[in-house]
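Report on the following structure.
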Amino acid sequence: MQLCSPRIAVSLSIVCVMSSPLVFAADDTVPKGEVIKFTFDQSKVFPGTTREVAVYVPQQYDPAKPACLYVNQDGVQYNAPAVFDQLIHKHEMPVTIGVFVTPGIVKATSDQVLPRFNRSFEYDGLGSAYARFLLEELLPVVETKTATDGRAIKLSKDGNDRAIGGASSGAICAFTAAWERPDAFRRVFSAIGTYVGLRGGHNYSTLIRKYEPKPIRIFLEDCSKDQNIYGGDWWISNLAMERSLAFAGYEVDHNWGEGGHDGKHATELFPDAMRWLWKDWPKPVGVGKGSPQLQDILIPGEDWKLVGEGYKFTEGPSVNAKGEVFYNDVGASKTFKLGLDGTVTEFLADSKRGDGQAFGPDGRLYANAGATEQVLAWDAAGNSTVFAEGFKGNDLVVRHDGSLFATAPFVPPESKVWYVSPQGEEKIVDSGLKFANGLCCSPDQSLLYVADSRTHWVYSYQIQPDGSLAHKQKYFHLHVHDVDEDAGPDGVRTDRDGRVWVATRMGLQVCDQPGRVNCIIPTPNGKVSNLTFGGPNFDLLVCTCNDRVYSRRVKVKGSNGWDAPNKPGNPRL
């Protein structure tokens with residue numbers, strides 16, 4: 001957090017640390033590490049920035065074995081080199097190389113103007129930028145350095161061997177790096193963390209409760225007299241973080257003090273925090289069970305499995321009465337079948353650029369064919385007939401009575417929703433969405449849900465007997481990545497209990513019937529366009545994820561449009 005000018009804020013953290021009492025008395029028997037310093041000014045993630053870097057290399061480090069890593073924002077803090085000397089000597093933490101980096105500054109063009117101070121932008125902002133800066137740019141440069149005795153620096157690439165920390169804005173930066181890349185950082189030290197409304201940090205205490213838990217261990221420090229200003233209340237926000245992490249089952253510890261927004265308390269407890277963060281190493285950092293809502297959905301120990309890869313762009317996962325799943329590679333104009341034995345075979349060599357699709361009660365596969373701007377009905381032998389035409393559809397759903405709804409977002413200025421009767425009669429039943437995309441019916445088939453991909457909404461409509469739509473409402477409120485303009489909702493499905501599953505930029509956002517996101521489940525490659533529930537019991541979640549398709553067994557069963565309507569229980573309000 002920048003208190004006055006950015007220049008003052010950067011120097012403040014140094015003053016706080018240097019004025020804090022030393023943690024250890026001098027001990028000549030403890031091997032002393034070396035600190036190497038250099039300037040880094042070649043960033044493409046944060047173009048034009050210059051920053052100072054200090055690298056601590058313990059005397060016990062042997063380049064034959066890659067070292068563990070600790071990264072700290074705002075440079076050297078907490079008397080860290082001396083602390084590391086002691087803890088490594090006592091085998092209370094592994095042999096660890098420390099990388100202490102200051103925030104970037106874009107130098108002024110003359111002495112008549114100010115430089116640009118990047119600290120809040122780099123540290124307070126959510127998203128993957130800072131983690132990418134470390135992993136793709138800075139740490140590879142660190143590994144080009146050598147100690148004065150010629151030892152080359154080699155860092156472990158295992159996230160379990162890596163910690164990251166900082167104070168204030170540097171603390172939320174550390175947490176964000178681990179949150180975005182737990183494969184690279186799994187241990188976090190957070191002092192007087194800025195989890196407030198500066199650049200979206202106040203959302204973490206909510207998101208932690210909803211996301212499928214990640215393998216992160218975190219130590220939180222704050223003081224009861226911390227800042228309470230326009231951006232929020234630091235003390236309350238840190239308490240909220242601790243409660244959310246505990247609620248979701250994370251490995252979290254904390255130490256609360258009575259001071260203000262400074263480094264004194266954090267410096268005093270830093271050795272104990274390091275002992276706790278590295279306890280039991282190299283045993284892997286654990287993963288929590290998640291919220292009760294996640295536990296209702298996910299099977300412990302059941303993870304994602306790769307179904308297929310190497311596609312151009314996958315879409316349209318749909319399931320027949322047997323539980324076989326069919327999906328399209330839109331770019332290659334092919335349709336594939338995932339059998340009950342897990343085998344993938346080609347179903348259509350030319351799908352006419354098939355996109356969204358769904359099975360009907362007659363057993364045929366109804367698909368939006370982009371190449372012909374038709375809805376084609378494919379039989380089991382791969383023969384097609386035209387069911388509807390005259391619009392370029394994106395996604396569709398077929399109801400129990402044989403009627404269907406399809407979205408047609410490609411004709412500006414407004415997207416359309418079409419209704420096609422069982423006899424093939426067509427009519428537009430809605431317009432005005434920015435980009436109408438995925439859609440499905442409620443389990444009882446009384447409501448239609450339509451995702452507007454260029455917003456953070458899924459709309460709800462009541463279906464009338466003649467197929468018209470009534471009572472249009474922006475109903476399902478989705479979360480949006482901090483770096484995105486919209487949630488990007490695409491495919492939509494329901495399970496038999498009435499939950500609404502939405503494929504978004506964040507992953508699968510699972511909503512309850514009143515329209516609230518209860519859970520967020522990311523996919524392995526961070527992408528998802530659509531989903532369905534396959535397998536003989538319709539409990540195999542199958543997701544199309546750009547060039548890949550993944551599956552995962554879950555506790556719930558999917559609701560199918562071709563099946564008899566099912567009335568779920570009343571929602572928990």
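Along the sequence shown, the residues carry numbers beginning at 1.
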Determine whether the aromatic ring centres of residues [Y] and [X] are separated by less than 6.0 angstrom.
X	Y	result
Phe405	Tyr419	yes
His477	Trp457	yes
Tyr459	Tyr449	no
Tyr366	Phe387	yes

Main-chain N/O of [Y] paired to [X] side chain as donor or acceptor, under 3.5 Å:
X	Y	value
His456	Ala487	no
Asn238	Trp234	yes
Ser442	Leu447	yes
Glu251	Gly286	yes
Thr194	Ser169	yes
Arg496	Gly558	no
Lys416	Glu414	yes
Lys289	Ala248	no
Thr504	Leu508	no
Ser415	Ala436	yes

Between the side chains of [X] and [Y], does any donor sit under 3.5 Å from an acceptor?
X	Y	value
Gln295	Gln293	no
Tyr130	Gln73	yes
Tyr550	Thr544	no
Ser190	Tyr195	yes
Ser318	Thr532	no
Trp235	Asn228	no

Got a second to check how far [X]'s [atom1] is from [Y]'s [atom2], nearest 0.5 Å?
X	Y	atom1	atom2	result
Ile216	Leu245	CD1	CG	8.5 Å
Thr455	Asn437	OG1	CG	10.5 Å
Ile520	Ile208	CD1	CD1	11.5 Å
Ile218	Asp253	CD1	CG	11.0 Å
Ser224	Asp226	OG	CG	9.0 Å
Gln227	Ser237	CD	OG	10.5 Å

Is the closest side-chain heavy-atom distance between [X] and [Y] below 4.5 Å?
X	Y	result
Leu198	Tyr230	yes
Trp304	Thr523	yes
Phe175	Leu126	no
Trp501	Phe533	yes
Ile463	Ser468	no
Arg364	Asn383	no
Phe359	Val398	no
Val375	Val386	no

Take atom [atom1] in [X]; do more than 12 heavy atoms of anything else shown fall under 6.0 Å from it?
X	atom1	value
Gln423	CD	yes
Lys305	NZ	no
Lys567	NZ	no
Arg243	CZ	no

**Result of checking Lys334, Arg353, Gln357 against Asn328 for side chain to side chain donor-acceptor pair (under 3.5 Å)** =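 Of the listed options, the one satisfying the test is Gln357.
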
**Request:** Please assess Leu239 against Trp256 for the test side-chain contact (heavy atoms from CB on, under 4.5 Å), listing each intermediate value before the final yes or no.
**Result:** CA-CA 9 Å; Leu239 294 178; Trp256 307 135; 3.7 Å; yes

**Request:** Check the pair Phe336 / Phe347 against ring-ring contact (aromatic ring centres under 6.0 Å, His included), numbers first and verdict last.
**Result:** CA-CA 5 Å; Phe336 295 89; Phe347 174 61; over 10 Å; no

Charged N to carboxylate O under 4.0 angstrom, [X] versus [Y]?
X	Y	result
Asp482	Arg199	no
Lys392	Glu373	no
Asp547	Lys312	no
Glu212	Arg552	yes
Arg505	Asp486	yes

**Message:** Which label fits Phe391 and Trp418: parallel for a plane angle under 30°, tilted from 30 to 60°, or perpendicular past 60°?
**Reply:**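 Plane angle under 30°, so parallel.
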
**Request:** Specify whether Trp179 and Tyr211 have parallel, tilted or perpendicular ring planes, treating 30° as the upper limit for parallel and 60° as the lower limit for perpendicular.
**Result:**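 Aromatic pair Trp179/Tyr211 classed perpendicular.
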
**Request:** Show your reasoning for whether salt bridge (charged side-chain N to carboxylate O under 4.0 Å, His left out) applies to Asp539 and Arg553.
**Result:** CA-CA 6 Å; Asp539 60 353; Arg553 194 75 58 183; 3.1 Å; yes

**Asked** Glu180: what forms a salt bridge (Lys or Arg N to Asp or Glu O under 4.0 Å) with it, not counting sequence neighbours?
**Response** none

**Asked** What do the steps show when you test Asp350 against Lys352 for salt bridge (charged side-chain N to carboxylate O under 4.0 Å, His left out), and what is the final call?
**Response** CA-CA 6 Å; Asp350 182 8; Lys352 313 299 180 185; 3.3 Å; yes

**Prompt:** Does the salt bridge (charged side-chain N to carboxylate O under 4.0 Å, His left out) test come out yes or no for Asp430 and Lys472, once each step is laid out?
**Reply:** CA-CA 9 Å; Asp430 186 63; Lys472 177 180 180 180; 3.3 Å; yes

